[in-house]
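Each remark here refers to the structure printed beneath this line.
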Amino acid sequence: MISALEQYDPQIYELIRQEEARQSGAIRLIPSENYVSKAVMIASSSCFTNKYAEGYPGKRYYEGQQVTDLVENLAVTRAKKIFKADHANTQPYSGSVANIAAYNALINPGDTIMGLSLSHGGHLTHGWNVSATSRFYNSVQYSVDTKTGRLDYNQIEDLAKKHKPKIIISGATAYPREIDFKAFGEIAKKVGAYHVSDIAHISGLVVAGIHMSPVPYADIVSTTTHKTLRGPRGGMLLCKAEHSAKVNKSVFPGLQGGPHMHTMASLAVALAEADTKEFIEYAKQVVKNAKRLAKRLMEYGFDLVSGGTDNHLMLIDLRSKKIPGKKLAKALDRARIVGNYNTIPGDDSPAANPNGLRIGTPAVTTRGMKEDQMDLIAGFINRVAENIDNESVIEGTAKEVLLLCSQFRVPEHFIIPGKES
Ligand code: DSN
């Protein structure tokens, strides 16, 4: 397949080859990224990309569904099993669509939703002011306590009592601590709200039983499929039986047309992989690695929001180091260490140039790195931060990073990396 691409479109072939080399020759610390297995990759580039399958198994609007129905039934059955959910919808194209589909299933435009502010670790679709979710719905945002960096459930309850939202959203994209989904469920009950939980970041940790599952405490659970869960890019919804018809209708025909069946086949593979002892060990190691990396960074004098991590990510507060997050992220990228600049709770700088750096361990753990390598990575990050304007130190670090990467292979994909670019 790949040699056909080389023949028909050498430019795109070459760019794929370069990206593979980049991914293999860098320490990838963006906490929402990972490396999928070869099996997941193969399924996602299969002939299912040719097939339209609007509708649901047994009730499609196109013929020729002899095989697609089997794929979707498998994906749904596997999702329900590993998340212990009554119902799963594996059609959402992404986490954003999944979130909007969840709201659309439960409430009407103009109703009030309440989610964590983006600048405190929430997601755009949790009602942030530039997101369409704040145009479609009346949005109230809660924050973390800026002193502790943690969610304050009393404050959230007070805000919910004041604004009486129809939906309370739990879940985050930049929150390093375990979330008490039971508490969110109780707050929602007290104010007569639905509870939608977005576990995009931690779904792999939830499946592995390391973090609390929101499934018993939420009306609808939304997740992406490509972060700690380590599947193809996409979204998924899980819910109680009572909401299953509404959820399905909201995804199709409410928001989407034909599901991406190649992605769903690939997701089915990833869900089977997540149902193994090896995956549980992987998820445990993700957290061990994050805790070790956090500890070492703090020993180097970095401030971490909330003073550490319980999950796969950490948020470095760079104010005491007096280095802008973007400057450090770009210097690290030149040293082949890839993270993302990020606001920290209470940041007085804008999201385009914030005071934080967000990093995490899902991808490095997939390639087999453990605590000893986290010590090295913390040392590299500290060295780059201390020599932020010294390109020869950064270049030297990049060489050491490349050497480390060469000892930890990424899952084999289609193209054997050629020369490093
Ligand atoms: N963009 C994702 C992340 O990086 O966390 C959230 O959608």
Side-chain angles (χ1 to χ4, degrees), residues 23 26-36 92-103 113 115-134 139 141 144 149 151 169-179 196-206 211 214 220-237 255 263 267 286-287 290 304-306 309-316 325-326 328-330 332-333 337-345 347 351-352 354 356-366:
Q23 291 188 13
I27 292 172
R28 295 174 59 231
L29 297 177
I30 294 174
S32 44
E33 293 184 350
N34 214 324
Y35 297 95
V36 298
Y93 302 142
S94 74
S96 294
V97 179
N99 284 346
I100 295 168
Y103 312 154
I113 59 171
L116 179 60
S117 144
L118 180 83
S119 60
H120 283 240
H123 188 253
L124 286 162
T125 56
H126 295 178
W128 187 239
N129 57 16
V130 296
S131 158
T133 52
S134 76
S139 169
Q141 301 265 272
V144 299
L151 293 168
I169 305 150
S170 62
T173 67
Y175 184 68
R177 296 300 180 177
E178 184 160 13
I179 297 173
V196 171
S197 184
D198 176 355
I199 55 167
H201 266 261
I202 57 163
S203 51
L205 309 183
V206 167
H211 274 222
I220 302 180
V221 175
S222 163
T223 184
T224 52
T225 49
H226 48 272
K227 298 184 173 100
T228 49
L229 193 57
R230 213 164 57 178
R233 293 191 83 86
M236 183 163 63
L237 290 168
L255 283 160
T263 305
L267 171 60
V286 166
V287 176
L304 296 195
V305 172
S306 84
T309 181
D310 298 329
N311 59 22
H312 62 302
L313 67 79
M314 64 213 73
L315 204 48
I316 306 177
K326 193 172 185 174
L328 182 57
K330 290 199 172 295
L332 286 169
D333 193 39
I337 297 170
V338 191
N340 68 273
Y341 53 91
N342 211 100
T343 49
I344 46 162
D347 210 328
L357 181 80
R358 187 184 69 151
I359 54 175
T361 53
V364 288
T365 307
T366 291

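Since the model is a prediction, treat every value here as computed from it, not as a measurement. Counting starts at 1 for both ligands and their atoms, following the listed order.
Side-chain atoms of L29 and V364, non-hydrogen and from C-beta on, do get closer than 4.5 Å to each other.
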Which pairs of nitrogen or oxygen atoms, taken one from ligand 1 and one from the protein, are under 3.5 angstrom apart?
| residue | atom | partner | partner atom | Å |
| --- | --- | --- | --- | --- |
| ligand 1 | 4 (O) | S32 | OG | 2.6 |
| ligand 1 | 4 (O) | R358 | NH2 | 2.7 |
| ligand 1 | 5 (O) | H201 | NE2 | 2.6 |
| ligand 1 | 5 (O) | R358 | NH1 | 2.9 |
| ligand 1 | 5 (O) | R358 | NH2 | 3.4 |
| ligand 1 | 7 (O) | H123 | NE2 | 2.9 |

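The distance from atom CD of Q23 to atom CD of E33, rounded to the nearest 0.5 Å, is 7.5 Å.
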Which is it for I169 and Y103 under the side-chain contact (heavy atoms from CB on, under 4.5 Å) test, yes or no, and what are the steps along the way?
CA-CA 10 Å; I169 305 150; Y103 312 154; 3.3 Å; yes

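Residues passing the side-chain hydrogen bond (donor to acceptor under 3.5 Å, both in side chains) test with S170 are H195, S197, sequence neighbours excluded. For H211, there are no ring-ring contact (aromatic ring centres under 6.0 Å, His included) partners at least two apart in sequence or on another chain. In this view, R177 and D310 satisfy the salt bridge (Lys or Arg N to Asp or Glu O under 4.0 Å) rule, not counting sequence neighbours.
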